[in-house]
Amino acid sequence: MVSKTEETQLNRLENQVDNGGGGAWEYLCLVRKLKVRRSEKVLKHGLSILNDIKKRSSLGPDEWTLYEQVAIAAMDCQCLDVAKDCIRLLRKSFPESKRVGRLEAMLLEAKGAWAGAEKAYSSFLEENPLDQVIHKRRVAMAKAQGNISGAIEWLNKYLEIFMADHDAWRELAEIYVSLQMYKQAAFCYEELILSQPTVPLHHLAYADVLYTLGGLENLQTAKKYYASVIDLTGGKNIRALFGINLCTSAIGQLAKGRNKEDKESAELQSLAATALEKDYKQRAPDKLSLLTTALKSLKVSS
């Protein structure tokens, strides 16, 4: 995940290059380092270097790294002739390279030659079952074909091997949510919270899923995780504040006086409502009346 500082640095450098201020190579290096996809910019600025003999020769061995980077960007942008030319030059210089072989399989993907790409990926995995890139390509290929069940299958197989990949757990959770498979999504978010307990977004997504599932136990747990988001963000997450109010109201209706934590819940709800009203007064005073009406409907107006 890219930090705000890194994103600011990247945007500043991108603007500098776009405005003719130089630094194209530094920009491309930073894009690789941060593992972000800005394909149109990479294609444009990468080709500006590769098409200039003097600039290209000054890179030394990094020239081949740039060819690879541009090839991937060209495939993203469906500039397949450019990608093909880059891969051809890489294959000529590295005739036995598995890395170039992956690019060739990706080019088959970009062309929609799914069977050929799958055959290539299967061959790579036979040689190296722990190749993360190939496992991820299979997931991407299934999604590109609209084969969501296939993407789920490949993601689960991938996570059996690479359980510490947070991005994969998050991707699987989001797919489950899109299919309304909330119990499975909840399991994914539990894994994320266990491995990254201080990331507020994991707690928030888990609480949302539990709230959607409903039922007294799920609502009580959801409220706790909304509260943890508030704690982790210093009370600045509006969605979590709303979540507290929604959960408390729903719990009150289900429990009907049987909830032993009624007093504590009412206090937490009141604090959340007060924080919401304060934030709306500062950021969107014209919407404050709408908020007040919504809170009254939940019987929590401060």
Side-chain angles (χ1 to χ4, degrees), residues 14 24-25 27-53 55-57 59-155 157-158 161-162 165 167-168 171-172 175:
E14 185 175 283
W25 175 244
Y27 170 73
L28 294 166
C29 288
L30 186 57
V31 168
R32 285 200 307 275
K33 178 185 175 182
L34 299 181
K35 297 180 180 179
V36 295
R37 299 291 275 268
R38 299 203 175 182
S39 301
E40 291 184 4
K41 299 292 185 181
V42 168
L43 182 60
K44 176 183 177 182
H45 299 308
L47 285 176
S48 72
I49 295 175
L50 291 177
N51 291 332
D52 187 311
I53 296 176
K55 290 181 180 178
R56 187 175 72 237
S57 60
L59 298 179
D62 286 334
E63 173 186 346
W64 307 114
T65 301
L66 182 55
Y67 272 116
E68 179 183 33
Q69 188 177 12
V70 170
I72 294 171
M75 285 186 269
D76 285 347
C77 298
Q78 280 296 298
C79 296
L80 302 187
D81 287 339
V82 173
K84 184 178 178 180
D85 288 341
C86 291
I87 295 169
R88 177 179 54 79
L89 290 168
L90 286 165
R91 175 57 74 193
K92 184 177 180 181
S93 296
F94 307 97
E96 304 299 323
S97 171
K98 297 290 189 298
R99 190 163 169 172
V100 177
R102 285 200 297 263
L103 289 175
E104 290 170 336
M106 288 172 65
L107 184 58
L108 290 173
E109 268 192 76
K111 291 177 178 179
W114 310 116
E118 173 57 30
K119 183 178 179 181
Y121 291 148
S122 297
S123 176
F124 287 133
L125 288 177
E126 284 179 7
E127 294 181 24
N128 181 13
L130 300 180
D131 191 325
Q132 282 187 277
V133 174
I134 298 302
H135 281 285
K136 289 183 176 182
R137 290 314 315 162
R138 275 185 149 175
V139 174
M141 191 163 65
K143 290 174 70 176
Q145 295 176 83
N147 181 9
I148 302 302
S149 61
I152 290 174
E153 179 183 354
W154 290 124
L155 267 171
K157 287 182 177 179
Y158 172 81
I161 305 170
F162 306 103
D165 191 326
D167 290 335
E171 182 177 5
L172 183 57
I175 291 175

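We number each residue from 1, following the sequence as shown.
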**Student:** Apply the side chain to side chain donor-acceptor pair (under 3.5 Å) test between Tyr121 and each candidate in Glu109, Glu126, Arg138; give the one that qualifies.
**Tutor:**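 So, applying the side chain to side chain donor-acceptor pair (under 3.5 Å) to Tyr121 and each of Glu109, Glu126, Arg138, only Glu109 qualifies.
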**Student:** Could you walk me through whether Lys143 and Glu171 pass the salt bridge (Lys or Arg N to Asp or Glu O under 4.0 Å) check?
**Tutor:** CA-CA 11 Å; Lys143 290 174 70 176; Glu171 182 177 5; 2.8 Å; yes
**Student:** Where do Ala142 and Gly150 come nearest, in terms of heavy atoms and distance?
**Tutor:**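 Scanning both residues completely, I find the closest heavy atoms to be CB-C, 3.9 Å.
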**Student:** Could you tell me whether the side chain of Ser122 and the main chain of Glu118 form a donor-acceptor pair under 3.5 Å?
**Tutor:**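 Such a contact is found between Ser122 side chain and Glu118 backbone.
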**Student:** Without swapping roles, check the side chain of Gln145 against the backbone of Met141 for a donor-acceptor pair under 3.5 Å.
**Tutor:**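 Confirmed, Gln145 side chain pairs with Met141 backbone.
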**Student:** Show the nearest heavy-atom pair for residues Ala105 and Ala120, with the distance to one decimal.
**Tutor:**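 What the structure gives for the nearest pair is CB-CB, 3.8 Å.
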**Student:** To the nearest 0.5 Å, how far apart are CG in Leu28 and CD in Glu14?
**Tutor:**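 So the CG of Leu28 and the CD of Glu14 are separated by 10.5 Å.
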**Student:** Considering residues, nucleotides and ligands other than Asn51, do more than 12 of their heavy atoms fall under 6.0 Å from its CG?
**Tutor:**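 Counting neighbours around CG of Asn51, more than 12 heavy atoms of other residues, nucleotides or ligands fall under 6.0 Å, so yes.
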**Student:** Find the distance between CG (Asn147) and CH2 (Trp154) and round it off to the nearest 0.5 Å.
**Tutor:**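 It is 10.0 Å, given to the nearest 0.5 Å.
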**Student:** Hey, could you give me the CG/CG distance between Leu90 and Asp85, rounded to the nearest 0.5 Å?
**Tutor:**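 Going from CG on Leu90 over to CG on Asp85, the span is 11.0 Å.
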**Student:** Do Arg32 and Trp25 form a cation-pi contact, if we require the NZ or CZ to be under 6.0 Å from the six-membered ring centre and within 45 degrees of the ring's axis?
**Tutor:**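 Yes - Arg32 lies over the ring of Trp25, closer than 6.0 Å to its centre and within 45° of its axis.
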**Student:** Rounded to the nearest 0.5 Å, what separates atom CH2 in Trp64 from atom SG in Cys86?
**Tutor:**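 Output value for this atom pair is 10.5 Å.
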**Student:** Looking at side-chain heavy atoms only, is the closest gap between Leu43 and Leu47 below 4.5 Å?
**Tutor:**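 Yes, side chains in contact.
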**Student:** What is the distance from atom CG of Leu50 to atom CG of Leu66, rounded to the nearest 0.5 Å?
**Tutor:**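 Between atom CG of Leu50 and atom CG of Leu66 there are 4.0 Å.
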**Student:** Taking Gly46's backbone N and O only, do any of them form a donor-acceptor pair with Gln69's side chain (distance below 3.5 Å, no angle check)?
**Tutor:**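 Flag not set: sc Gln69 to bb Gly46 has no pair under 3.5 Å.
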**Student:** With no hydrogens and no angle check, is any side-chain donor or acceptor of Asp165 less than 3.5 Å from a backbone partner on Ala168?
**Tutor:**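 Looks like yes, one N/O pair under 3.5 Å.
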**Student:** Would you say that Arg137 contacts Val133 through its side chain, given a criterion of any heavy-atom pair below 4.5 Å between the two side chains?
**Tutor:**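 Counting from C-beta outward, Arg137 and Val133 do come under 4.5 Å.
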**Student:** So which atom in Val42 and which in Ala73 form the shortest heavy-atom distance, rounded to 0.1 Å?
**Tutor:**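 Where Val42 meets Ala73 most closely, the heavy atoms are CG1-CB, 3.7 Å.
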**Student:** Within the side chain of His135, is there an N or O that forms a donor-acceptor pair under 3.5 Å with the backbone of Pro129?
**Tutor:**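 It does hold such a pair.
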**Student:** Decide yes or no on salt bridge (Lys or Arg N to Asp or Glu O under 4.0 Å) for Asp131 and Arg102, but give the supporting numbers first.
**Tutor:** CA-CA 11 Å; Asp131 191 325; Arg102 285 200 297 263; 3.2 Å; yes
**Student:** What is the distance from atom CG of Leu155 to atom CG of Leu172, rounded to the nearest 0.5 Å?
**Tutor:**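 Leu155 atom CG to Leu172 atom CG measures 5.5 Å (nearest 0.5 Å).
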**Student:** Applying the salt bridge (Lys or Arg N to Asp or Glu O under 4.0 Å) criterion to Glu104, which one of Lys119, Arg99, Arg91, Arg88 satisfies it?
**Tutor:**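 Among Lys119, Arg99, Arg91, Arg88, the one meeting salt bridge (Lys or Arg N to Asp or Glu O under 4.0 Å) with Glu104 is Arg91.
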**Student:** Please indicate whether Glu40 has more than 12 foreign heavy atoms, meaning atoms of other residues, nucleotides or ligands, lying under 6.0 Å from its CD.
**Tutor:**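 Open: at most 12 neighbouring heavy atoms sit under 6.0 Å from CD of Glu40.
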**Student:** Could you walk me through whether Ile72 and Arg37 pass side chain to side chain contact (heavy atoms under 4.5 Å, CB included), step by step?
**Tutor:** CA-CA 10 Å; Ile72 294 171; Arg37 299 291 275 268; 3.8 Å; yes
